[in-house]
Amino acid sequence: MDYKDTYRTIEQPSTAVLFKEKNSKFFGYAFPVSHEDEVKTHLEHLRKEHFGAGHFCYAYQIGTDKISFRTNDDGEPSNSAGMPIYGQIQSFGVTNILVVVIRFFGGVKLGVGGLISAYKTTAQMALEISEIIEKTIDVHFLITFDYKNMNKVMRVIKEKNLEIVNQKMELSCEIEVSTRKKNAEKVSDIFNSMFEINITKLD
């Protein structure tokens with residue numbers, strides 16, 4: 001069974017890029033994000049940093065199996081800013097990412113075509129200078145067992161190179177592990193076939 005269990009994203013925020021068009025200045029940024037609250041935080045910081053800018057346009061995409069995305073034109077003509085930014089996220093094939101383009105108006109109107117081109121170019125520049133990395137899509141399981149079965153459990157964890165995320169070792173033990181999506185079914189089957197050991201998939 002061959003399905004994708006990796007995705008592309010960026011490891012760290014990009015440095016600012018600057019694109020100029022007819023006296024308007026466009027600053028572009030890319031940020032790694034894993035949930036929507038982070039989007040708000042980044043926007044608040046940028047609004048303070050670029051106080052007086054006219055437009056804070058952005059697009060983000062979050063998720064690997066279930067994708068959620070949003071675009072925002074922030075007062076620019078409809079679909080002239082957010083969608084061109086989102087188009088670049090798609091063309092770079094990245095997710096868990098926020099791209100923001102901030103515009104300082106330079107007194108000359110660019111027209112819708114000019115805006116689309118400027119927002120697209122700035123987003124492209126921000127993504128080009130970002131380091132794009134490939135990450136695995138991981139599935140998390142909670143394994144619960146009595147202390148006496150510890151060795152059995154640890155042996156499988158070691159054999160299957162499972163990453164231990166959390167553990168609670170008392171009379172009854174809990175270990176949270178993560179594994180690449182493509183190995184998840186196999187790992188689940190192994191623990192399910194073991195006596196006195198429970199495994200549950202975490203969302």
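Side chains are part of it too, since the values below use all heavy atoms of this structure and drop only hydrogens, waters and symmetry mates. Along the sequence shown, the residues carry numbers beginning at 1.
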- Note on the structure: Value for NE2 (His35) from CG (Asn96), rounded to nearest 0.5 Å, stands at 10.0 Å
- Message: Given 3.5 Å as the limit, does a donor-acceptor pair link the side chain of Arg8 with the main chain of Phe92, or not?
- Response: yes
- Would you sort out whether Lys181 and Asp65 count as a side-chain contact (heavy atoms from CB on, under 4.5 Å), showing the intermediate values? CA-CA 11 Å; Lys181 186 175 164 181; Asp65 288 341; 2.9 Å; yes
- Message: Quick one: does any side-chain atom of Asn72 pair with a main-chain N or O of Gly82 as donor and acceptor, under 3.5 Å?
- Response: no
- Message: Between Tyr29 and His50, is there a side-chain donor-acceptor contact under 3.5 Å, judged purely by atom types and distance?
- Response: yes
- Message: Please determine whether residues Ile102 and Phe31 belong to a single hydrophobic cluster, defined as Ile, Leu, Val, Met, Phe, Trp and Tyr linked transitively by side-chain heavy-atom distances below 4.5 Å.
- Response: yes
- Message: Could you report the tightest heavy-atom contact between Ala81 and Pro84, atom names first, then the distance?
- Response: O-CD, 3.1 Å
- Item | Path from Val94 to Val101 over hydrophobic side-chain contacts below 4.5 Å | yes
- Inspect the surroundings of NZ in Lys25 and state if more than 12 heavy atoms from other residues, nucleotides or ligands are less than 6.0 Å away. no
- Item | Taking every non-hydrogen atom, the tightest pair across Glu38 and Pro32 | OE1-O, 3.8 Å
- Asp74 to Gly54 - nearest heavy-atom pair and separation: OD2-O, 4.2 Å
- Query: So how far is it from Glu176 CD to Gln167 CD, rounded to the nearest 0.5 Å?
  - Reply: 11.0 Å
- Nearest non-hydrogen partners of Thr71 and Ala59, listed with the distance: CG2-CB, 4.0 Å
- Query: What distance separates Phe104 CZ from Asn23 CG, expressed to the nearest 0.5 Å?
  - Reply: 14.0 Å
- If two hydrophobic side chains count as joined below 4.5 Å and joins carry through other members, does Phe27 share a cluster with Leu98? yes
- What do you reckon, is CD1 of Ile67 surrounded by more than 12 foreign heavy atoms closer than 6.0 Å? yes
- Do Ile10 and Leu46 sit in the same hydrophobic cluster, where Ile, Leu, Val, Met, Phe, Trp and Tyr count as joined when their side-chain heavy atoms come under 4.5 Å apart? no
- For Ile143, the rest of its hydrophobic cluster, which grows through side-chain links under 4.5 angstrom: Val139, Phe141, Phe145, Tyr147, Met150, Val153, Met154, Val156, Ile157, Leu162, Ile164, Met169, Ile175, Val177, Val187, Ile190, Phe191, Met194, Ile197, Ile199
- Message: If we ignore hydrogens and angles and just use 3.5 Å, is the side chain of Thr9 paired with the main-chain N or O of Thr95 as donor and acceptor?
- Response: yes
- Euclidean distance, Ser68 OG relative to Gln61 CD, rounded to 0.5 Å: 8.0 Å
- Side chain to side chain, Val33 and His42, heavy atoms closer than 4.5 Å: yes
- Going only through I, L, V, M, F, W and Y residues with side-chain contacts under 4.5 Å, is there a path from Phe105 to Val100? no
- Message: Taking Ile137's backbone N and O only, do any of them form a donor-acceptor pair with Asp5's side chain (distance below 3.5 Å, no angle check)?
- Response: no
- Message: Rounded to the nearest 0.5 Å, what separates atom CG in Leu18 from atom CE in Met125?
- Response: 7.0 Å
- Task: May I ask you to decide whether Glu196 forms a salt bridge with Lys148, counting only side-chain N to carboxylate O separations under 4.0 Å?
- Result: yes
- Note on the structure: Quick note, ring-ring contact (aromatic ring centres under 6.0 Å, His included) partners involving residues 55-84, not counting sequence neighbours, are Phe69-Tyr86
- Message: Any non-hydrogen side-chain atom of Val165 less than 4.5 Å from a side-chain atom of His140?
- Response: yes
- Give the intermediate values and the outcome of side-chain contact (heavy atoms from CB on, under 4.5 Å) for residues Arg103 and Cys57. CA-CA 8 Å; Arg103 180 185 181 199; Cys57 305; over 6 Å; no
- Message: Treating Ser24 as the side-chain partner and Gly106 as the backbone partner, does any N or O pair qualify as donor plus acceptor under 3.5 Å?
- Response: yes
- Item | OG-CD distance between Ser14 and Glu128, expressed to the nearest 0.5 angstrom | 11.5 Å
- Verdict with supporting geometry, Arg180 and Thr6, side-chain contact (heavy atoms from CB on, under 4.5 Å): CA-CA 9 Å; Arg180 282 180 71 150; Thr6 59; 3.7 Å; yes
Anything under 3.5 Å between a donor and an acceptor, one on a side chain of residues 107-121, the other on a protein residue two or more places apart or in another chain? List them.
unit_1: Tyr119; atom_1: OH; unit_2: Glu76; atom_2: OE2; d: 2.7
unit_1: Thr121; atom_1: OG1; unit_2: Ser117; atom_2: O; d: 2.7

- Message: Would Ile97 and Leu127 count as a side-chain contact (heavy atoms from CB on, under 4.5 Å) here? Give the steps.
- Response: CA-CA 10 Å; Ile97 192 162; Leu127 286 165; 3.4 Å; yes
- Note on the structure: On a heavy-atom basis, the closest approach of Ile62 and Ser34 is CG2-O, 3.4 Å
